[in-house]
Amino acid sequence: MSSVNPQRKLQLVADSSQHFELFVAFATDDQEHINQHFGTCKALSIYGVDRHQASVAEVVQFSQLASGHDQGKLQARYDALHDCAAVYCNAIGPSAIAQLVSQGVQPLKVAAGHAIQQAITELQMQLTEEPKGWLGKALRRGTSQHHQSKALTDLLDESW
């Protein structure tokens, strides 16, 4: 399967003191609203989110050649979501839903023009309660990966 690379990718340098509970992506063309179909989105804005804060971690822009429903053209979008728990969009095809779910990414459809900041606020409210459904699973998966990573780091730090 051929892969189409994103046209531009902006990745912000992480503050080592910042730790987000999860990362979520938004299909957007203006960085303010969720206003794009997943398969044809011009950009994915990826945010780190926890109960008290959220900030842009990365913005991936796609060329017009990378749009459409061909699996090879969608691969760049799938790859951009490798650390994300969810992607918010206006529409998404069934094969893309299946691929994202197999990657552990929850596709979420919202009304056109829904503000990214509003979606983040709603997500943060869910985080303060006992998260259920896809969000609860994502947090458990993230905790498990964190513990595995810490165990590996501890093992590597031991003297041999």
Residue set satisfying side-chain contact (heavy atoms from CB on, under 4.5 Å) with Ala112, at least two apart, ordered chain then number -> Asn90
By side-chain hydrogen bond (donor to acceptor under 3.5 Å, both in side chains), Asp30 pairs with (sequence neighbours left out) Thr28, His33
Residues 101-122 vs salt bridge (Lys or Arg N to Asp or Glu O under 4.0 Å), sequence neighbours excluded, gives none
_Evaluation steps, side chain to side chain contact (heavy atoms under 4.5 Å, CB included), between Glu58 and Val60_ = CA-CA 7 Å; Glu58 189 172 20; Val60 183; 4.0 Å; yes
Run the numbers on Val24 and Ile46 for side chain to side chain contact (heavy atoms under 4.5 Å, CB included), then give the verdict. CA-CA 6 Å; Val24 294; Ile46 301 171; over 6 Å; no
Does the Glu21 side chain pair with the main chain of Leu139, one donor and one acceptor, at a distance under 3.5 Å?
no
May I ask you to decide if Ala43's main-chain N or O and Arg77's side chain share a donor-acceptor pair within less than 3.5 Å?
no
Worksheet item: Does any non-hydrogen side-chain atom of Val59 lie less than 4.5 Å from one of Tyr47?
Response: no
Hits for side-chain hydrogen bond (donor to acceptor under 3.5 Å, both in side chains) against Glu32, two or more places apart or cross-chain, chain-then-number order -> none
Residues 86-109 vs ring pair (Phe, Tyr, Trp, His ring centres under 6.0 Å), sequence neighbours excluded, gives Phe26-Tyr88
- Query: Okay, side chain of Arg141, backbone of Gly136: is any donor-acceptor separation there less than 3.5 Å?
  - Reply: no
Tightest non-hydrogen contact, residues Ala96 and Leu74, listed as CB-CD1, 4.4 Å
Handout entry: Under 3.5 Å: donor-acceptor pair, side chain of Asp29, backbone of Asn35
Key = no
Take Leu127 and Leu22 through the side chain to side chain contact (heavy atoms under 4.5 Å, CB included) test and state the conclusion after the steps. CA-CA 10 Å; Leu127 286 169; Leu22 63 134; 3.9 Å; yes
Sorted by chain and number, sequence neighbours left out, side-chain hydrogen bond (donor to acceptor under 3.5 Å, both in side chains) with Gln124 holds for none
**Report entry** Phe62 and Cys41, any side-chain heavy atoms less than 4.5 Å apart
**Finding:** yes
Applying side-chain contact (heavy atoms from CB on, under 4.5 Å) to Asp83 and not counting sequence neighbours gives none
For Gln106, the side-chain contact (heavy atoms from CB on, under 4.5 Å) test, sequence neighbours excluded, returns Ala86, Leu108, Trp134
For residues 89-128, the ring pair (Phe, Tyr, Trp, His ring centres under 6.0 Å) pairs (sequence neighbours left out) are none
